[in-house]
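We use all heavy atoms of the structure for the numbers below, so side chains are in, but hydrogens, waters and symmetry mates are not.
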Amino acid sequence: MSEILSAMPINSSTNDDNTQQPMIALYYCYPPLGIPSPQLHTEFHTVTCTELKLGGRIRVSVEGINGVLSGREGDLREYEFRLRRELLLLSRDSNSISGDGAQDGVSRDALCTDDNYEEATSKWLDIKYCHLRTDVPVEKQLFDSLSVKVTREVVSLFDFSAPSIGGKQKNGRRCRQRRKQKRKHKKQELSDAATAGQGEDQNQAVNDVTNASENNDNNTTTAEDDGVGSAFTIQDWEKYTPAQHLSPKDWNDRLMELSLSYDDKDDTTIQPFQQPPSPSISIAKESDVILLDARNIYETRVGHFAVPNLPTFFPNTRKFSSLPMALNTKEAAEALAGKKVFMYCTGGVRCERAGSYLRALSESNAGAWKDKQQPKGIYQLHGGIQKYLEAYGEPLRDASKSEYDVATQNANSSTCLYRGRNFVFDPRRTDPIVGNGITKLCDDANDDRVSLVGQCIKCSCPHDDYDNGHAPSEGKEARCCRCRVLVLVCNGCRRKVRSWGEETHPDAVDCEVTDLFCGQEGTKCIDEGNAADNVETTWF
């Protein structure tokens, strides 16, 4: 494999001096035939990235690849060139090509006859090039190592111990074995304590622990149970039709048209950036469109789509594998059933799976979706928020003050439907291209609500910097004491709270210090309790 790579021609585009600037490349792909030998394919990425001096994380599975890399733009584009070529080779005859790169004496180079690899693989591979922030040193925004690993999925939608509908429970046997082993050790510990003289009460405790554990094992949700709020793993859910892709322009045009269509309604129409009257039953019945943010709560807290007159469903999850539980709540079923669902995430990869799962769940007639109408249509933003902001966003003017440049460098920014920052999973934390919200439908284009959506969890003042002026790599961010999720805390409140891993904040002087959590004004963790406690539908 390494000999083949060294023989590949360097793409001429990498010789341009303008390609030496450091950037981030974000991508995913689902090749038609998948990745037949993930372990062998990791060698391609390891060798190529090492040669080009790229750092980052790459996940390889039988279904595809998901990666984020940092390096010089020219080197990143050369990596893309080689990756597209490699994917095309795999697709030509994935069953016949051997691991040593030959097929009946024919070289792998000869198998690939397309000169334009980008065109041939454009439907499989979606890659985005992202700029670095200007308020953080360059070296603190780049990956300092490379991780290439084989995973079960491109992106993990499930905790594989979740119950199933219409099929066997995935990984259930292994989980039951682990629980049984833990009970055995616990019973032995308590039994030893009782033998040492703890008495009859301790012996009773042994029996109580054993009985309680056995009862918990029997609480498996099935299709016949109520199952509301559970994370169903529906058999072959990934084979359901995924969401229909909409380009950033199609996405914007459709939502803009739907938003403006309410201008001719009667006095029940919701005005831009206002909450609907309570109750809003008549309006909810009129609207057959809803947006679905498939990201986690710490992502939506710094930025999200805000389409005037249209609702958005926020699952407010801590992790992506909690999304199935959030979608299987009565609140989600009532909000999404019978609607046209417009789904979005950071780069698009999560919607690839979430769209198929939502369709499978709505057709299962189980859990919260029992007797519920299926969505009229499920759409996803192709390329995600990142690709959308390339067309409609604006660069930060002064990141240290969280001020945004309003409609000066992008002709499309006046019709931007995204507000705030785009959270990313690389050393930058947030992308420097942001959304200013749709200004022409807002009474005051300079209103803070248009440009900044984040709030301090303690005092509710405008704030959208998790790192409070520090580089993310410095580790100064505030995190929930229970689940370690990121929490927005302004500089004034930061010294009054104790973040995960802290004894006390260094600046805590003469003030009462409380433990910080990620929900309910910093007093409770969102990762405990019912999934329905966190989901919400918001109008803008």
Side-chain angles (χ1 to χ4, degrees), residues 157-170 172 218-244 258 268 270 276-294 309-317 320-344 350-380 529-539:
L157 179 60
F158 277 105
D159 171 1
F160 284 92
S161 63
S164 64
I165 295 178
K168 295 180 180 180
Q169 182 173 330
K170 296 183 179 180
N218 293 329
N219 289 335
T220 301
T221 304
T222 64
E224 288 73 27
D225 296 329
D226 180 49
V228 177
S230 300
F232 285 135
T233 55
I234 304 169
Q235 186 179 28
D236 297 329
W237 65 268
E238 59 268 60
K239 295 182 180 179
Y240 280 72
T241 305
Q244 179 182 341
L258 290 166
T268 62
I270 305 171
S278 182
S280 57
I281 298 177
S282 60
I283 298 176
K285 286 184 177 179
E286 282 185 20
S287 175
D288 66 344
V289 175
I290 189 168
L291 279 75
L292 169 59
D293 193 324
N309 303 319
L310 296 182
T312 297
F313 180 77
F314 293 102
N316 290 333
T317 54
F320 186 54
S321 58
S322 296
L323 183 62
M325 285 190 293
L327 293 178
N328 189 33
T329 59
K330 292 181 179 178
E331 290 79 3
E334 292 174 358
L336 305 177
K339 306 290 181 63
K340 296 177 182 177
V341 180
F342 289 76
M343 182 184 302
Y344 66 91
R350 282 177 282 186
C351 287
E352 297 285 357
R353 287 303 182 237
S356 295
Y357 178 76
L358 176 59
R359 195 182 304 278
L361 179 64
S362 65
E363 294 180 12
S364 69
N365 194 32
W369 286 83
K370 188 173 181 60
D371 300 327
K372 290 291 184 180
Q373 185 180 359
Q374 299 171 22
K376 293 181 179 179
I378 303 177
Y379 310 91
Q380 80 169 73
N530 196 317
D533 295 338
N534 301 318
V535 301
E536 61 180 339
T537 301
T538 304
W539 294 73

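The shortest distance between side-chain heavy atoms of Lys340 and Phe342 falls below 4.5 Å. Residues Ile290 and Leu310 fail the side-chain proximity criterion, which asks for heavy atoms closer than 4.5 Å. The side-chain heavy atoms of Gln244 and Ile378, taken from C-beta on, include no pair separated by under 4.5 Å. Side-chain atoms of Leu291 and Tyr344, non-hydrogen and from C-beta on, do get closer than 4.5 Å to each other. In this structure, the side chains of Leu157 and Trp237 come closer than 4.5 Å at one or more pairs of heavy atoms.
Taking every heavy atom of both residues into account, Met343 and Cys351 meet most closely at CG-SG, 3.3 Å. Among all heavy-atom pairs drawn from Thr329 and Ala326, the shortest one is OG1-O, 2.8 Å. Of all non-hydrogen atoms in Pro242 and Ser356, the two that sit nearest each other are CA-OG, 3.4 Å. The minimum heavy-atom distance between Asn328 and Trp369, with the atom names listed, is OD1-CD1, 4.2 Å.
Between atom NZ of residue Lys339 and atom CD of residue Glu334 there is a gap of 10.0 Å, rounded to the nearest 0.5 Å. Taking CE of Met325 as the reference point, atom CG of Asn534 lies at 10.0 Å (rounded to 0.5 Å).
Note: Phe158 and Tyr357 meet the aromatic proximity criterion, with ring centroids under 6.0 Å apart.
Test Val535, Thr317, Leu336 against Leu327 for side-chain contact (heavy atoms from CB on, under 4.5 Å) and you get one pass: Leu336.
Not one N or O on the side chain of Asp293 forms a donor-acceptor pair closer than 3.5 Å with the backbone of Phe314. Listed for the Thr537 side chain is no donor-acceptor partner under 3.5 Å among the backbone atoms of Phe313. With hydrogens and angles ignored, the 3.5 Å screen pairs a side-chain donor or acceptor of Arg359 with a backbone N or O of Thr241.
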Original post:
What's the verdict on side-chain contact (heavy atoms from CB on, under 4.5 Å) for Leu292 and Leu358, showing C-alpha distance, side-chain angles and the deciding distance?
Top reply: CA-CA 11 Å; Leu292 169 59; Leu358 176 59; 4.3 Å; yes
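Applying the side chain to side chain donor-acceptor pair (under 3.5 Å) rule to Arg350 yields the partners Glu299, Thr346; only residues at least two apart in sequence or on another chain are considered. Applying the side chain to side chain donor-acceptor pair (under 3.5 Å) criterion to Gln380, with sequence neighbours excluded, gives no partner residue.
Sorted by first and then second residue, the salt bridge (charged side-chain N to carboxylate O under 4.0 Å, His left out) pairs with a member in residues 360-375 form an empty list; sequence neighbours excluded.
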